[in-house]
Amino acid sequence: MITLDAIGTFALIVGLLTLTPGLDTALILRTAALGHRRRAWGVVLGIQSGTLVWGVLTSLGVTALLTASHLAYETLRWAGAAYLVWMGGRLLWATWRRSSGESPRTAGTGGEARTGTGDTLLGGWRQGFVTNLLNPKMGAFYIAVLPQFIPAGTSHLAPGVLLAGVHILLAVIWACVLIAFAHMLRGRLQRPSTRRYLDRVTGTVIAAFGIRLALGQ
């Protein structure tokens, strides 16, 4: 049976990881800042669904097979990198088109319609889930950390799901803070110039993560 000390130590590790600004933070903040609360929560649920999948796969030993297979790992890494670069590039392209070819009245709506980022829970879930699941570094992290907290000689599935649940709980709490913060600043963040700047920053961050993933960093 997994001990409370092990759960506490694991919670500290993943808590610090959750608080570290990264791709998940950028996605949630950008989506919530646009006033798309349903989609923002969809992103959160999608990311955490991916976390749960990684936890289950790690507990079953599937991710160990993934990292052991060079071809499988490289395929996933390049697929994830291509997806992130495409998503970041699409955001950047939309801001350039809005700034050069649209009036302020339509700048906040037309780009969203074209890029398919309406305020839908399912759309946000799909984006968060695919982003998380195509990140092999998430699987590598779980392979390196999760087994250290699972007692030897016991089934790995139940303790692994429990620890993944701890990670998910902390991430959802942090997502609540991010969404609330974006909601408080929604008046400023929804100005056309601010939205273009936010999309450019977010697009750059996402594309940079994709390039780093492609380079194996």
Side-chain angles (χ1 to χ4, degrees), residues 10-58 63 76-77 79-92 115-117 119-146 163-186 189 198-214 217:
F10 179 80
L12 178 61
I13 294 173
V14 296
L16 292 174
L17 178 66
T18 299
L19 292 175
T20 302
L23 178 60
D24 294 353
T25 301
L27 274 177
I28 294 169
L29 270 178
R30 184 261 174 185
T31 308
L34 293 178
H36 296 171
R37 299 195 69 179
R38 286 195 299 272
R39 186 178 180 89
W41 279 112
V43 170
V44 173
L45 293 175
I47 291 171
Q48 302 320 317
S49 295
T51 299
L52 180 60
V53 170
W54 280 120
V56 171
L57 293 179
T58 303
T63 47
L76 181 61
R77 183 169 68 88
Y83 176 73
L84 292 177
V85 171
W86 170 78
M87 185 165 57
R90 189 176 64 162
L91 277 176
L92 291 172
T115 55
T117 56
D119 191 13
T120 64
L121 186 71
L122 180 59
W125 180 88
R126 183 170 55 246
Q127 185 181 39
F129 183 71
V130 173
T131 300
N132 190 298
L133 208 59
L134 288 181
N135 184 6
K137 291 188 176 183
M138 185 68 178
F141 170 79
Y142 263 44
I143 290 173
V145 174
L146 212 62
L163 292 174
V166 171
H167 188 181
I168 290 170
L169 176 61
L170 294 175
V172 169
I173 292 173
W174 178 236
C176 290
V177 175
L178 293 176
I179 292 175
F181 175 74
H183 181 69
M184 287 189 299
L185 298 178
R186 68 188 183 280
L189 294 175
L198 180 63
D199 276 0
R200 285 172 182 171
V201 171
T202 306
T204 301
V205 169
I206 293 174
F209 268 94
I211 294 172
R212 287 185 59 189
L213 187 58
Q217 298 180 359

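Note that this is a predicted model, so its numbers are computed, not measured.
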For [X] and [Y], work out which heavy atoms get closest and say how close.
X: F209; Y: L23; value: CZ-N, 3.5 Å
X: G210; Y: L84; value: CA-CB, 3.6 Å
X: H167; Y: T51; value: ND1-CG2, 3.7 Å
X: T25; Y: T18; value: OG1-O, 4.5 Å
X: L92; Y: D199; value: CD2-O, 4.4 Å
X: Y142; Y: A164; value: OH-CA, 3.9 Å

Can you find a pair of side-chain heavy atoms, one from [X] and one from [Y], that are under 4.5 Å apart?
X: V44; Y: I179; answer: yes
X: R30; Y: L91; answer: yes
X: M87; Y: T131; answer: yes
X: F141; Y: I13; answer: yes

* To do: Quick one: list whatever passes ring pair (Phe, Tyr, Trp, His ring centres under 6.0 Å) with F10, sequence neighbours left out.
  =>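 Here the qualifying residues are F149.
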* Is there a donor-acceptor contact under 3.5 Å linking the side chains of W54 and N132? ->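 Yes - a donor-acceptor pair under 3.5 Å links their side chains.
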Spacing of [atom1] belonging to [X] relative to [atom2] belonging to [Y], to within rounding of 0.5 Å:
X: L17; Y: M138; atom1: CG; atom2: CE; value: 7.0 Å
X: I47; Y: Q127; atom1: CD1; atom2: CD; value: 8.5 Å
X: F129; Y: L122; atom1: CZ; atom2: CG; value: 12.0 Å
X: I168; Y: L52; atom1: CD1; atom2: CG; value: 4.5 Å

* W125: what forms a side chain to side chain donor-acceptor pair (under 3.5 Å) with it, not counting sequence neighbours? -> S49
